[in-house]
Amino acid sequence: MSPAALTITEATVDFGAGPVLDQVSLDVAAGEFVCVVGASGSGKTTLLNAIAGLVELDGGTVAVDGRRVTGPGPDRAVVFQDDAVFPWLSVARNAAFGLETQGVGKAERRTRVTDVLATVGLTGSEERWPRELSGGMRKRVDLARALAVRPPVLLMDEPYGALDMLTKERLQADLDRIVSHEGMTVVFITHDLEEAVFLADRVIVLASHPGRVAAEIRVPFARPRDPELRLTPDFQAVRGEVLHHLQAVETTA
Ligand SMILES: Nc1ncnc2c1ncn2[C@@H]1O[C@H](COP(=O)(O)OP(=O)(O)OP(=O)(O)O)[C@@H](O)[C@H]1O
Ligand SMILES: [Mg+2]
């Protein structure tokens with residue numbers, strides 16, 4: 001897997017009641033981690049689905065390494081807020097699911113599943129059933145399935161929104177370590193500004209009605225990051241900057 005760049009050029013989406021996204025342009029460099037924040041209804045999920053090829057554009061283009069996106073593809077994996085773990089499959093079979101649909105052979109599947117479960121911290125849970133897992137472990141299974149196909153681009157829509165704070169922080173640190181090590185390109189949607197600043201190289205603030213890029217804030221800390229970074233004045237200053245932009249957008253909306 002080599003890292004891929006993502007280019008969104010004047011993307012417009014209109015479901016019939018006026019544009020939800022209005023000529024949104026965004027370049028994400030290979031290996032870059034971008035977080036998108038914005039009010040509920042500002043079009044974050046629509047943007048992510050457009051990148052995933054799950055929503056059709058009414059204008060503009062999305063391209064991965066210059067190849068135009070026309071639908072879902074193996075170069076982009078998606079993790080949604082509600083976990084997509086199949087209750088009738090074991091942890092290992094869940095993790096292998098994308099590989100099976102791609103026709104990857106049994107021996108290779110087994111190796112990759114072992115590797116990916118180790119990466120997300122689920123070694124020893126291969127034969128467990130989803131009903132036996134905590135919410136955090138289910139998100140790990142979700143991530144394992146997405147990572148198993150080795151997508152150059154990872155798309156995540158509020159994946160940790162429903163988790164308690166400590167579980168969330170653990171999963172954030174693990175995700176940071178994994179994608180930094182793999183050099184993956186990530187677009188991650190969240191409402192949680194601390195999460196955004198901890199994970200991202202750059203935070204995009206989306207304005208509502210119609211959705212457009214209102215601000216972008218660079219996060220100047222090398223990745224992977226120490227969880228303790230959150231306690232530093234420098235971190236809190238960046239968080240304050242993002243909050244300031246978000247408030248400015250909301251008072252003019
Ligand atoms: N399939 C659809 N058909 C019609 N309207 C839609 C569709 N999907 C989204 N919308 C509308 O587009 C707007 C943006 O929705 P979207 O889900 O992208 O927002 P969001 O920023 O992800 O919000 P949240 O933070 O609540 O998840 C909303 O007004 C929503 O009602
Ligand atoms: Mg959403």
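The structure presented is a predicted model; accordingly, all values stated were derived computationally and were not measured. Order of appearance sets the numbers: ligands from 1, and atoms from 1 within every ligand.
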- Query: Is Asp22 salt-bridged to Arg212, cutoff N-O under 4.0 Å?
  - Reply: no

- Distance to 0.1 Å, residue and atom name: give those for the protein heavy atom nearest to atom 28 (C) of ligand 1. Gly41 O, 4.1 Å

- Item | Any non-hydrogen protein atom less than 4.0 Å away from atom 30 (C) of ligand 1 | no

- Query: Do the numbers put Arg145 on top of the ring of Phe86, so that NZ or CZ is under 6.0 Å from the six-membered ring centre and no more than 45° off the axis?
  - Reply: yes

- Task: Heavy atoms only: give me the nearest Asn49-Phe80 pair and the separation to one decimal.
- Result: OD1-CE2, 3.9 Å

- Would you please classify the geometry between the Phe188 ring and the Phe33 ring as parallel, tilted or perpendicular, with 30° and 60° separating the classes? tilted

- For atom 12 (O) of ligand 1, the closest protein heavy atom turns out to be Val20 CG2, 3.3 Å

- Is there at least one protein heavy-atom neighbour under 4.0 Å from atom 1 (N) of ligand 1? yes

- Least distance between heavy atoms, Val203 atom then Ala196 atom: CG2-O, 4.0 Å

- With a 4.0 Å cut-off on heavy atoms, is Gln81 touching ligand 1? no

- Message: Measuring from non-hydrogen atoms of His191 to any atom of ligand 1, is the shortest distance under 4.0 Å?
- Response: yes

- Side-chain H-bond candidate by donor/acceptor type, Gln172 with Arg230, under 3.5 Å: yes

- So, are Asp142 and Lys139 salt-bridged, with charged N and O less than 4.0 Å apart? yes

- Query: What's the shortest distance from atom 27 (O) of ligand 1 to any protein heavy atom, and which residue and atom give it?
  - Reply: Glu158 OE2, 3.7 Å

- Give the residue and atom name of whichever protein heavy atom lies nearest to atom 25 (O) of ligand 1, and the separation in Å to one decimal. Lys44 NZ, 2.7 Å

- Item | atom 26 (O) of ligand 1 [closest protein heavy-atom partner, distance rounded to 0.1 Å] | Ser40 OG, 2.5 Å

- Message: Restricting to non-hydrogen atoms, name the atom on Pro210 and the atom on Pro19 that form the minimum distance, rounded to 0.1 Å.
- Response: CB-O, 3.3 Å

- Contact with ligand 1 for Ala39, non-hydrogen, under 4.0 angstrom: yes

- Salt bridge Arg150-Glu182, side-chain N to carboxylate O under 4.0 Å: no

- Task: Among all protein heavy atoms, pick out the one at the shortest distance from atom 17 (O) of ligand 1; state its residue, atom name and that distance to 0.1 Å.
- Result: Thr45 CB, 3.7 Å

- Would one find an N, O or S atom of Thr46, in either backbone or side chain, under 2.8 Å from the Mg ion (ligand 2)? no

- For atom 9 (C) of ligand 1, the protein heavy atom that lies nearest, with its residue and separation: Phe15 CE1, 3.5 Å

- Message: Tell me whether Arg110 at atom CZ has more than 12 heavy atoms from other residues, nucleotides or ligands lying less than 6.0 Å away.
- Response: no

- Item | Protein contact to atom 15 (O) of ligand 1 [nearest heavy atom, distance to 0.1 Å] | Thr46 OG1, 3.8 Å

- Going by the atom numbers of ligand 1, which of them fall below 4.0 Å from some non-hydrogen atom of Ser42? 19 (O), 21 (O)

